[in-house]
2 protein chains.
Amino acid sequence: MEYQEAKEKFISTWGSLGTLWGINKAMAQIQSLLFISTKALSMEEIMDELKISRGNTSMNLRQLMDWGIVTKELIPGERKEFFTTEKDVQELARHIAKERSRREIKPVIKILKDVSSIKDDGTAKTKELIKQTKALHDLAETADTMMNKIVNQEQNWITKSLLKLIK
Amino acid sequence: MEYQEAKEKFISTWGSLGTLWGINKAMAQIQSLLFISTKALSMEEIMDELKISRGNTSMNLRQLMDWGIVTKELIPGERKEFFTTEKDVQELARHIAKERSRREIKPVIKILKDVSSIKDDGTAKTKELIKQTKALHDLAETADTMMNKIVNQEQNWITKSLLKLIK
DNA sequence: ATAAACTTTCAATAATTATTGAAAGTTTAG
DNA sequence: CTAAACTTTCAATAATTATTGAAAGTTTAT
């Protein structure tokens with residue numbers, strides 16, 4: 001496999017994985033393009049490379065910046081803006097986990113808490129709703145906590161020792 | 001909050017979370033309905049409760065069965081089929097993690113391996129592609145392994161000790 | 001065998017989500 | 001100040017994905 005083929009394969013695979021996990025294709029592809037680029041890219045370069053429109057590029061770059069995984073880079077003497085992504089996979093995972101937790105998991109945990117706190121009126125169906133949503137609440141909270149802790153850690157020693165422990 | 005409101009809130013929240021993570025709404029809602037039901041439900045009951053068509057119900061029930069989280073239950077004397085979901089959250093998480101790993105993560109890991117194994121032609125861009133996809137490969141593999149181990153374990157003691165360790 | 005009770009399939013349609021492109025907005029250089 | 005270089009916005013459109021409903025298929029009871 002040659003460079004060009006490998007590059008295209010990587011970008012398109014990443015795009016499909018994104019889609020599968022609720023992240024739009026263009027967004028995932030822009031990020032992956034930056035991830036393997038040796039230098040910051042301009043909007044023009046991204047558009048050309050991925051064959052997507054200016055508007056699309058602009059909007060998705062913004063979202064990536066909102067997620068904290070892409071940053072603008074100002075190159076002295078250049079009028080246009082250049083973009084880079086976080087290059088360290090650990091940091092990247094940290095950002096993504098943190099954001100998904102904040103935006104998606106935490107709000108659901110809150111609702112599970114509310115729902116599982118309704119008054120027990122003694123009927124079987126109410127008891128079941130309370131029991132099941134409570135179990136889900138606890139699981140979600142545990143998973144969320146673990147996720148964040150693992151991903152936030154000064155990483156290496158702890159992850160490695162964890163891995164050893166559970167392997 | 002009354003039973004009915006809590007129930008609707010739970011089902012619709014679960015549906016939206018599903019959507020956000022690439023799972024279709026009807027599928028997530030059917031599962032959540034079964035999850036808080038005190039008994040197995042027929043197709044008719046599911047359709048009525050969620051206001052979805054017969055075809056939609058049938059197809060999504062099938063998918064849920066493919067995922068291994070819903071099973072048919074034959075009730076003696078009844079002609080129609082009844083459905084239940086795995087009621088234990090731990091088991092539920094196990095099934096989902098296992099399937100997503102098998103269907104989505106493992107294939108991507110394979111591609112990352114291929115891409116990161118291309119011949120190093122000495123250029124900076126090839127070196128970067130190799131380095132970055134290799135890092136992603138290692139991260140994905142570690143995360144996948146951890147996930148599966150954690151979720152597969154006889155659970156309680158190990159999860160609890162992990163939590164203590166990283167808290 | 002056949003009719004009733006039920007489920008599955010799938011082409012048509014609807015709903016949702018992503019993408020375009022051009023107009024409006026902003027910033028910088030002269 | 002104003003023109004050029006660039007970015008953002010957003011209504012229109014395209015692409016994708018979900019849903020319907022009715023016909024075809026299957027199973028069971030008689």
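All heavy atoms count here, side chains included; hydrogens, waters and symmetry mates do not. Below, chains carry the letters A, B, ... as their sequence lines are ordered, and counting in each starts from 1.
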| All stems with DNA chain C, defined as three or more consecutive Watson-Crick or G-U pairs under 3.5 Å | C:1-30 with D:1-30

| message | With a strict under 4.0 Å distance from non-hydrogen atoms of chain B, what nucleotide opens and what nucleotide closes the contacted stretch of DNA chain D, reading 5' to 3'? | response | D:dA18 to D:dT28

| Within 45 degrees of the axis of the six-membered ring of B:Trp67 and under 6.0 Å from its centre: does B:Arg62 put its NZ or CZ there? | no

| field | Those residues that, when tested against A:Lys39, pass side chain to side chain donor-acceptor pair (under 3.5 Å) (two or more places apart) | value | A:Glu45

| note | Between A:Leu112 and A:Ala140, the two heavy atoms sitting closest are CD1-CB, 4.4 Å

| query | So which one's nearest nucleotide on DNA chain D is more toward 5', A:Met43 or B:Lys51? | reply | A:Met43

| said: Both B:Lys25 and B:Glu78 contact DNA chain C. Which one's nearest nucleotide lies toward the 5' end? | reply: B:Glu78

| message | If I compare all heavy atoms of B:Ser37 with all of B:Lys87, which pair ends up nearest, and what's the gap? | response | O-NZ, 2.5 Å

| Approximate separation, where rounding is to 0.5 Å, of B:Trp14 CH2 and B:Met27 CE | 13.0 Å

| remark: Walking DNA chain C from its 5' end, the first of B:Phe83 and B:Arg79 to be reached, judged by nearest nucleotide, is B:Arg79

| message | Does A:Arg100 qualify as a cation-pi partner of B:Trp21, given the criterion of NZ or CZ under 6.0 Å from the six-membered ring centre and within 45 degrees of its axis? | response | yes

| Which heavy atom of B:Asp114 sits nearest a heavy atom of A:Lys9, and at what distance? | OD2-NZ, 4.3 Å

| Which part of the nucleic acid, if any, lies within reach of A:Asn24 when heavy atoms closer than 4.0 Å are counted: base, sugar-phosphate only, or nothing? | sugar-phosphate

| request: Can you measure from OG1 (B:Thr57) to CD1 (B:Ile46) and round to the nearest 0.5 angstrom? | output: 6.5 Å

| request: Could you check whether B:Glu81 gets within reach of a base, just the sugar-phosphate, or nothing at all, counting any heavy atom under 4.0 Å? | output: sugar-phosphate

| task | Identify, between A:Thr19 and A:Ser58, the residue whose nearest nucleotide on DNA chain D lies closer to the 5' end. | result | A:Ser58

